[in-house]
Amino acid sequence: QVHVEESGGGSVQAGGSLTLSCVASAFTKTLPCMGWFRQAPGKEREGVANIYRGSLSTVYTDSVKGRFTISLDKGKNLLTLRMNDLRPDDDGRYYCASGWPPNCLEITGGSDFTYWGQGTQVTVYS
């Protein structure tokens with residue numbers, strides 16, 4: 001059974017920073033793409049950032065460019081998301097996922113990702 005688990009969420013004042021982590025079963029090392037997604041109450045899930053395992057190339061949704069950084073430690077199979085200058089709009093539950101999307105370097109809602117964690121909550125207050 002593939003296991004994916006996120007951690008690092010919390011409550012932070014606007015302008016602050018958080019780092020999310022995701023550990024996954026060794027099997028996911030065979031999958032080409034990992035990503036972070038988020039979902040706020042009443043809103044659809046949206047892609048935040050993806051990373052292609054082979055080249056470590058990355059892509060971000062426009063609203064987080066320059067503020068968030070996705071990275072992957074291949075040896076530990078540890079995915080992280082460093083979030084700086086957090087805004088109230090960044091509120092939501094953040095999910096880590098892996099899979100075989102047709103184009104890893106395209107931000108989508110995640111329907112083409114296969115393995116998901118339970119998520120970690122991020123709350124940004126003014």
Side-chain angles (χ1 to χ4, degrees):
Q1 185 174 354
V2 177
H3 181 71
V4 179
E5 184 173 358
E6 305 92 340
S7 62
S11 184
V12 63
Q13 191 170 20
S17 299
L18 282 174
T19 298
L20 306 183
S21 298
C22 172
V23 291
S25 300
F27 172 74
T28 62
K29 289 185 178 182
T30 68
L31 307 180
C33 190
M34 296 190 77
W36 286 99
F37 299 81
R38 66 188 180 189
Q39 187 167 21
K43 295 186 177 180
E44 292 188 356
R45 185 177 63 202
E46 65 171 338
V48 175
N50 292 348
I51 188 165
Y52 179 65
R53 182 178 293 275
S55 63
L56 297 182
S57 297
T58 60
V59 64
Y60 299 88
T61 193
D62 286 346
S63 64
V64 308
K65 286 179 181 176
R67 301 187 298 121
F68 290 14
T69 303
I70 186 172
S71 59
L72 175 63
D73 182 325
K74 291 184 181 182
K76 297 178 181 179
N77 206 31
L78 174 66
L79 184 72
T80 63
L81 184 69
R82 175 66 178 176
M83 306 185 293
N84 294 326
D85 190 24
L86 282 160
R87 305 167 181 170
D89 283 353
D90 296 318
D91 244 35
R93 192 160 187 86
Y94 283 68
Y95 299 88
C96 167
S98 63
W100 304 264
N103 181 2
C104 182
L105 298 181
E106 177 183 355
I107 294 294
T108 67
S111 60
D112 40 16
F113 281 70
T114 304
Y115 301 104
W116 292 81
Q118 295 299 307
T120 185
Q121 185 68 33
V122 172
T123 302
V124 183
Y125 59 91
S126 300

Is a donor on one side and an acceptor on the other found under 3.5 Å between the side chain of [X] and the backbone of [Y]?
X: Lys29; Y: Ala24; result: no
X: Arg45; Y: Gly109; result: yes
X: Asn77; Y: Ser25; result: yes

Over all atoms of both residues, closest heavy-atom pair of [X] and [Y]:
X: Pro32; Y: Trp100; result: CD-CD1, 3.6 Å
X: Thr28; Y: Arg53; result: O-NH2, 3.1 Å
X: Cys96; Y: Leu79; result: SG-CD2, 3.7 Å
X: Pro102; Y: Asp112; result: CD-OD2, 3.4 Å
X: Tyr60; Y: Ile107; result: C-CG1, 3.8 Å
X: Ser98; Y: Leu31; result: OG-CD1, 3.4 Å

Can you tell me how far the [atom1] atom of [X] sits from the [atom2] atom of [Y], to the nearest 0.5 Å?
X: Thr69; Y: Asn84; atom1: OG1; atom2: CG; result: 6.5 Å
X: Arg82; Y: Leu18; atom1: CZ; atom2: CG; result: 8.0 Å
X: Lys43; Y: Asp91; atom1: NZ; atom2: CG; result: 9.0 Å
X: Thr19; Y: Leu81; atom1: OG1; atom2: CG; result: 8.0 Å

Path from [X] to [Y] over hydrophobic side-chain contacts below 4.5 Å:
X: Val23; Y: Tyr95; value: no
X: Val4; Y: Phe27; value: yes
X: Tyr52; Y: Trp36; value: no
X: Ile51; Y: Val59; value: no
X: Leu20; Y: Val48; value: yes

Start with the C-alpha distance between Phe37 and Asn50, add both sets of side-chain angles, then the distance that settles side chain to side chain contact (heavy atoms under 4.5 Å, CB included), and finish with yes or no.
CA-CA 9 Å; Phe37 299 81; Asn50 292 348; 4.1 Å; yes
Side chain to side chain contact (heavy atoms under 4.5 Å, CB included) evaluation trace for Leu56 with Lys74
CA-CA 9 Å; Leu56 297 182; Lys74 291 184 181 182; 3.7 Å; yes
Do Ser7 and Ser21 meet the criterion of a side-chain donor-acceptor pair at a distance under 3.5 Å?
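Per modelled atom types, Ser7 and Ser21 side chains form no pair under 3.5 Å.
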Begin from the C-alpha positions of Arg87 and Asp90 and carry the test salt bridge (Lys or Arg N to Asp or Glu O under 4.0 Å) through to its verdict.
CA-CA 5 Å; Arg87 305 167 181 170; Asp90 296 318; 5.3 Å; no
Show me the donor-acceptor pairs within less than 3.5 Å that the side chains of residues 115-126 make with the rest of the protein, sequence neighbours left out.
from: Trp116; atom 1: NE1; to: Phe113; atom 2: O; distance (Å): 3.2
from: Thr120; atom 1: OG1; to: Gly9; atom 2: N; distance (Å): 3.0
from: Gln121; atom 1: NE2; to: Gly92; atom 2: O; distance (Å): 3.4

Show your working on side chain to side chain contact (heavy atoms under 4.5 Å, CB included) between Arg38 and Val64 and close with a plain yes or no.
CA-CA 12 Å; Arg38 66 188 180 189; Val64 308; 4.0 Å; yes
